[in-house]
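Keep in mind that what you see is a predicted model, and the values were worked out from it rather than measured. Computation of the quantities below employed the complete heavy-atom set of this structure, encompassing side-chain atoms and omitting hydrogens, waters and symmetry-equivalent molecules.
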Amino acid sequence: MQNVNLFQQEQRRHGGPKPRQMALGLALLLVGIVLHGGWSVWQWHAAGQAAERAQQLAEAEQARLAQFKASYREPLLDPQLPKQLAEREAQNGQLLQLAEYLGKLDAERAEGFVPILTALADRHPPAGLWLTTIQLRAGGHDMSLKGQSRDQELLPLYLQSLGVSPAFAGREFARFDVQRDERQLLEFTLSSHAGADDGE
């Protein structure tokens with residue numbers, strides 16, 4: 001019978017970090033810690049400077065606000081202002097009325113006497129009645145008609161005929177005179193102004 005020896009002496013392995021490597025790693029770790037600490041200190045210092053600048057700016061703005069409050073004077077309403085405003089509004093109203101009136105006159109003058117003269121021509125007096133004088137002023141706004149008639153019944157018919165024309169629609173006459181002359185003719189005067197001197 002043969003004996004088998006299964007026991008073998010285990011040899012130690014000489015692996016793992018060497019002292020030199022451990023010293024180098026420790027030195028690198030210390031350098032990293034120092035760098036991180038320096039970066040943190042720099043950040044803290046920069047944040048402190050920013051906070052200090054913000055504080056100085058806030059104090060300057062606070063000082064400006066206090067100075068403004070000290071120099072501020074509340075405005076006082078001028079007691080004459082409402083009166084002056086009312087006067088200006090009255091003047092503006094008068095100017096508007098004047099502008100409207102001038103615009104109306106301008107429109108009347110631009111239109112001219114053509115519509116009135118056309119209406120007088122279209123409504124020619126009947127036989128036995130004729131016009132002797134036609135006066136138009138202020139762009140046709142003021143009008144005076146003078147004429148003669150042999151028959152007193154023709155005059156109302158003629159005036160009624162004129163009233164049908166659009167140029168005379170809504171027009172009012174303030175003066176209407178009729179008298180008989182030495183030839184027994186009816187002389188009539190139709191004017192837009194009462195008591196107007198039609199000879200002017």
Side-chain angles (χ1 to χ4, degrees), residues 61-200:
E61 292 297 327
Q62 192 72 21
R64 287 179 56 191
L65 178 60
Q67 183 180 3
F68 174 76
K69 287 182 177 179
S71 62
Y72 176 75
R73 296 291 181 270
E74 185 176 355
L76 299 176
L77 179 64
D78 186 359
Q80 298 296 326
L81 186 59
K83 181 180 178 181
Q84 294 175 357
L85 181 60
E87 291 176 354
R88 293 292 175 86
E89 289 179 349
Q91 291 176 358
N92 288 342
Q94 292 175 355
L95 290 175
L96 286 175
Q97 291 178 356
L98 179 61
E100 291 177 0
Y101 177 71
L102 292 177
K104 183 178 179 181
L105 283 182
D106 186 58
E108 289 177 351
R109 292 181 188 226
E111 185 179 3
F113 307 129
V114 175
I116 296 176
L117 295 177
T118 302
L120 290 174
D122 291 341
R123 307 293 173 178
H124 193 274
L129 186 148
W130 58 94
L131 295 176
T132 59
T133 304
I134 300 174
Q135 290 184 349
L136 299 174
R137 294 182 293 272
H141 181 71
D142 297 337
M143 183 175 64
S144 175
L145 300 177
K146 286 185 178 182
Q148 295 177 341
S149 176
R150 293 193 181 96
D151 189 350
Q152 62 181 4
E153 294 181 357
L154 295 177
L155 186 55
L157 294 176
Y158 178 58
L159 296 179
Q160 183 179 5
S161 175
L162 288 179
V164 176
S165 177
F168 291 92
R171 181 182 291 271
E172 296 181 357
F173 293 94
R175 179 184 176 192
F176 180 57
D177 294 334
V178 178
Q179 59 184 0
R180 195 174 293 274
D181 64 3
E182 65 276 1
R183 296 174 297 172
Q184 298 302 311
L185 294 175
L186 291 175
E187 293 185 349
F188 64 89
T189 300
L190 190 65
S191 178
S192 57
H193 285 290
D197 187 3
D198 298 320
E200 294 181 357

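Listed here is the closest heavy atom pair of T189 and S144: CG2-OG, 4.5 Å. Listed here is the closest heavy atom pair of R73 and A70: NH1-O, 3.0 Å.
Atom CD of E187 and atom CZ of R180 lie 10.5 Å apart (nearest 0.5 Å). With rounding to the nearest 0.5 angstrom, the CD atom of E100 is 6.5 Å from the CG atom of L96. Put simply, OG on S149 and CG on L154 are 4.5 Å apart, with the number rounded to the nearest 0.5 Å. Rounding to the nearest 0.5 angstrom, the gap separating the CD atom in Q148 from the NZ atom in K146 is 11.0 Å.
No more than 12 heavy atoms of other residues, nucleotides or ligands sit less than 6.0 Å from atom CD of E153. Heavy-atom contacts from other residues, nucleotides or ligands closer than 6.0 Å to CD of Q184 number more than 12. Remark: F68 CZ is loosely packed, at most 12 non-hydrogen atoms of other residues, nucleotides or ligands lying under 6.0 Å away.
Under the salt bridge (charged side-chain N to carboxylate O under 4.0 Å, His left out) criterion, D122 pairs with no residue, sequence neighbours left out. Among residues two or more places apart in sequence or in another chain, the salt bridge (charged side-chain N to carboxylate O under 4.0 Å, His left out) test is passed with R183 by D181.
Side-chain contact between D151 and L129: absent, with no pair of heavy atoms (C-beta onward) separated by less than 4.5 Å. The shortest side-chain heavy-atom distance between L145 and I134 falls under the 4.5 Å cut-off. Proximity of F188 to L159: side-chain heavy atoms (C-beta onward) are nowhere separated by under 4.5 Å. The closest side-chain heavy-atom distance from L186 to Q179 is not below 4.5 Å.
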Side chains of residues 86-95: which donor-acceptor pairs under 3.5 Å do they make with residues two or more places apart or in other chains?
{"residue": "N92", "atom": "ND2", "partner": "R88", "partner atom": "O", "Å": "3.4"}

